[in-house]
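The structure appears below as structure tokens.
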Amino acid sequence: MLIKSRPSWFLSENDATPESIYKQRRDIVKKLGIAAAAVPFASQTHAGLFDVFSSSNDKVTEQDSRMALEGASSEFSTKGLALTPENKVLTYNNFYEFGTGKGEPAEQAKNFKTTPWTIEITGEVAKPVTLDIADVMKNMEIEERIYRHRCVEAWSMNVPWLGFPLASLLHLVQPTSKAKYVAFETLYDPDQMPGQRGFSSIDYPYVEGLTIAEAMNPLTLMTVGLYGKTLAPQNGAPLRLIVPWKYGFKGIKSIVKIHLLEKQPPTTWNLLAPDEYGFYANVNPNVDHPRWSQASERFIGEGSVFSSVRQETLMFNGYGEQVASLYKNLDLKRNY
Ligand code: MTE
């Protein structure tokens, strides 16, 4: 795993997090070393699968691990945010393949097997590939980004994710000029995912999509960890998408396929309730969900998950400066 070196615009963690969490994170540094070692970074056996990554003998050193955390504020990290405590990010989840209750994914995904794991990238690309997650972890430059995370259900968190820009991955496979959209697919494995067995209103596998411009935006993060550790199953291990200016349901978990195409791909929540969930799903306090307001959100921080601390929802979840130009010719009321 290549860790981005500390940039000149580095913001110390104490600027971004409460002091208690800042101190707590000293311990996480040590844990990351352990978590990182658990991932088969040095698997050279898959290096021949494709030629986009040259094989290397890079190993994650404790120094690298520390960099991942101390370089917390990448250029794209959101400054001055109080983090949602780690235990809440790990226990208050939406991952319907493992149950519809907020606490169910953490329970039911405990034994979810994420190795071996491959990700196929196909469609309108010059170099279609099948990547082993171990090679992805080893070769991509991982950085930590603190992002706002806003669910369409009107709750929100601030999460320190670890990942790399989706654009870096797409550049490797060289999209053709016909690639206008990027489609994503979650693993389909009813043996492991109880929500995929029997009756469900969702037609699995869970699918999502972005326009190519959204996919290439530097904020769009392929995410492999949070709070300095590899992703827990309930958060979408081993690889999920995070698009911070969109509602959380765009952040598809446990990805096995990425397909570039000319036409807009179907997306799970849009298929299920097209009047409620659009393709774009940009966070927008001025466009309500048909059944509730989107003007404010319940921020999950310290204290009870059900506490009524409400805050105003920001247009594009606060990322307008970086993404508003993508939608300058789009009617955001119709294209919700
Ligand atoms: N991905 C899959 N495969 N299945 C899901 O049910 N839920 C989505 C998204 N990704 C979901 C998914 C929703 S509704 C949200 S809000 C986020 O995951 C929640 O991510 P978190 O549990 O890490 O906070």
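Quick note: numbers below take in every heavy atom, side chains included, and nothing from hydrogens, waters or symmetry partners. Here the structure is a predicted model, which is why all the values come from computation and not from measurement. In each ligand, atom 1 is the first atom listed, and ligand 1 is the first ligand listed. Starting from 1, each residue takes its place in the sequence as its number.
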> Of N282, V287, N284, which is the lone residue that meets side-chain contact (heavy atoms from CB on, under 4.5 Å) with Y336?
Replying inline: V287

>> Walk me through whether N94 and K102 qualify under side chain to side chain donor-acceptor pair (under 3.5 Å).
In response: CA-CA 6 Å; N94 278 334; K102 292 286 181 278; 2.9 Å; yes

>> Keeping Y319 on the side-chain end and V243 on the backbone end, is there a donor-acceptor pair under 3.5 Å?
In response: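 Looks like no, no N/O pair under 3.5 Å.
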
>> Angle between ring planes, Y327 versus F316, binned at 30° and 60°: parallel, tilted or perpendicular?
In response: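 Y327 and F316: parallel rings.
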
> Salt bridge between K246 and E214, side-chain N to carboxylate O under 4.0 Å?
Replying inline: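 Yes.
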
> Among R150, Q294, R148, whose side-chain hydrogen bond (donor to acceptor under 3.5 Å, both in side chains) with T313 holds?
Replying inline: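 Passing option: R150.
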
> Near ligand 1, which protein residues have a heavy atom under 4.0 Å away?
Replying inline: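 Ligand 1 pocket, heavy atoms under 4.0 Å: N93, N94, F95, Y96, E97, H149, C151, W155, T186, Y206, N235, R240, G248, F249, G251, I252, K253.
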
